Amino acid sequence: MKTSLRNDRFLRALRRQNVDRTPVWMMRQAGRYLPEYRASRAKAGDFMSLCRNPELCCEVTLQPLDRYALDTAILFSDILTIPDAMGLGLRFVEGEGPVFDRPVRSLDAIRSLAAPDPEVELRYVMDAVRTIRGALGDRMPLIGFSGSPWTLATYMVEGRGGHDFAVIKKLMIDEPAALDAMLETLVQSVTSYLTAQHAAGADALMVFDTWGGVLHPDAFVRFSLEPMRRIVEALGRSCPGVPVILFTKNGGAHLERMADTGCTALGVDWTTSLADARRRVGARVALQGNLDPVTLFARPDRIREETARVLADFGHGPGHVFNLGHGILPQTPPDHAAAMIEALHALSPAYHRPV
Ligand code: CP3
């Protein structure tokens with residue numbers, strides 16, 4: 001058994017237990033909007049070198065925690081470590097984002113994909129988890145994460161960030177069984193990757209399904225939801241009791257089916273009202289979200305009002321983890337994130353007092 005954490009608000013809220021105030025963290029909380037992050041990345045040379053250096057990963061993971069009163073750390077890494085470990089040749093191109101030198105473009109290429117061993121090809125990620133866990137001690141929890149099989153497949157097949165997703169959607173329509181086979185390899189990869197992150201010290205696990213929302217509902221169920229459901233089911237056996245958060249960007253239409261997977265919590269973006277989400281699934285899962293990250297470009301007094309609006313939208317009682325609805329943007333003034341967190345601390349205790 002792990003020693004108990006001094007701050008367990010985040011884990012309690014995920015389990016819909018009572019808390020003194022709403023816990024908060026920000027997707028991409030360690031990132032380019034922080035000058036100290038940019039300095040660490042410069043020390044590493046580039047983003048992937050930063051990801052491959054456990055000491056520097058630990059340094060940047062802790063940076064937002066030293067600056068703001070956040071309630072959880074999240075491993076500093078990327079979802080594209082799995083396809084990189086499969087040999088696809090990942091590069092980050094300035095101004096364009098991630099690019100693969102060898103995208104998956106044939107049935108033979110799909111057949112030759114193999115699930116990486118997390119303690120071999122992805123050992124640098126597990127070393128980062130162990131280093132961060134050691135540095136955090138009992139201060140607060142640590143989130144481990146992965147991309148969803150569908151979202152990883154979009155990058156692997158398209159070879160870069162998608163726009164219309166024409167290449168993978170053509171594969172989906174022409175060769176659905178081949179796409180199923182590729183997603184099956186990714187289910188195994190993600191399951192063993194997350195299981196190893198938990199064994200290395202991650203207290204909660206999150207699956208980022210950034211591109212599930214670009215699919216027709218039937219295609220979403222087969223190619224995005226079903227692989228995630230199988231991962232949740234397998235994690236229930238490999239790491240019993242560990243909270244699992246599923247986040248499909250633009251997935252507001254699918255919340256009931258997502259809650260049916262047996263996950264602990266759902267991430268919700270700003271295109272869905274938390275009140276509506278809670279009415280639909282709130283008795284079964286916790287909800288995480290959902291301030292539009294662009295709100296942090298506005299004036300601090302408006303940021304406070306918008307933070308109040310998100311809290312009121314979820315309403316009274318446990319089961320809410322405050323977050324942005326997607327990653328914090330690189331142009332965000334760091335003081336504006338502070339305004340959001342201070343407002344959350346001031347306003348949220350009222351939502352947890354007995355009525
Ligand atoms: O939340 C955190 O603080 C943990 C770290 C984290 C990163 N990426 C660091 C990162 C997490 C959880 C991710 C997930 C991720 N990566 C997703 C899913 C979440 C989402 O945003 O929808 C996706 C789609 C990726 C793939 C990826 N990695 C993209 C599209 C980019 C941006 C490329 C660009 O140039 O804008 C990255 C790079 C990346 N991952 C950065 C960070 C801090 C910026 C890299 C840099 O320093 O230049």
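Scope of the values below: all heavy atoms of this structure, side chains included, with no hydrogens, waters or symmetry mates. All ligand and atom numbering here is 1-based and tracks the order in the structure. Keep in mind that what you see is a predicted model, and the values were worked out from it rather than measured.
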Worksheet item: Do T72 side-chain atoms and P141 backbone N/O form a donor-acceptor pair below 3.5 Å?
Response: yes
Worksheet item: Do the side chain of D313 and the main chain of L274 share a donor and acceptor less than 3.5 angstrom apart?
Response: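 A pair under 3.5 Å: yes.
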Discussion item. Pair F145, F208 - check ring-ring contact (aromatic ring centres under 6.0 Å, His included), show working.
Written reply: CA-CA 7 Å; F145 71 89; F208 287 91; 5.6 Å; yes
Fill in: Side chains of M206 and I74 in contact at under 4.5 Å (non-hydrogen atoms)
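Result no, sub-4.5 Å side-chain heavy-atom pair not found.
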Discussion item. Among V232, V207, L14, exactly one meets side chain to side chain contact (heavy atoms under 4.5 Å, CB included) together with C263. Which residue is that?
Written reply: V232
Expected rows: ligand 1 N/O, protein N/O, dist below 3.5 Å:
from	atom 1	to	atom 2	distance (Å)
ligand 1	1 (O)	R28	N	2.6
ligand 1	3 (O)	Q29	N	3.2
ligand 1	3 (O)	A30	N	3.4
ligand 1	8 (N)	R28	NE	3.2
ligand 1	8 (N)	D78	OD1	3.1
ligand 1	16 (N)	R28	NH2	3.3
ligand 1	16 (N)	D78	OD1	3.0
ligand 1	21 (O)	R28	NH2	3.3
ligand 1	21 (O)	H326	NE2	3.1
ligand 1	22 (O)	T210	OG1	2.7
ligand 1	22 (O)	H326	NE2	2.6
ligand 1	28 (N)	D78	OD1	2.7
ligand 1	28 (N)	D78	OD2	3.4
ligand 1	35 (O)	R32	NH1	3.4
ligand 1	36 (O)	R32	NH2	3.0
ligand 1	40 (N)	D78	OD1	2.8
ligand 1	47 (O)	Y37	OH	2.5
ligand 1	47 (O)	R41	NH1	2.8
ligand 1	48 (O)	R41	NH1	2.4

Worksheet item: Can the positive tip of R278 be found less than 6.0 Å from the middle of the six-membered ring of F314, inside 45° of the ring normal?
Response: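 Relative to the ring axis of F314, which defines the angle, R278 lies inside both limits.
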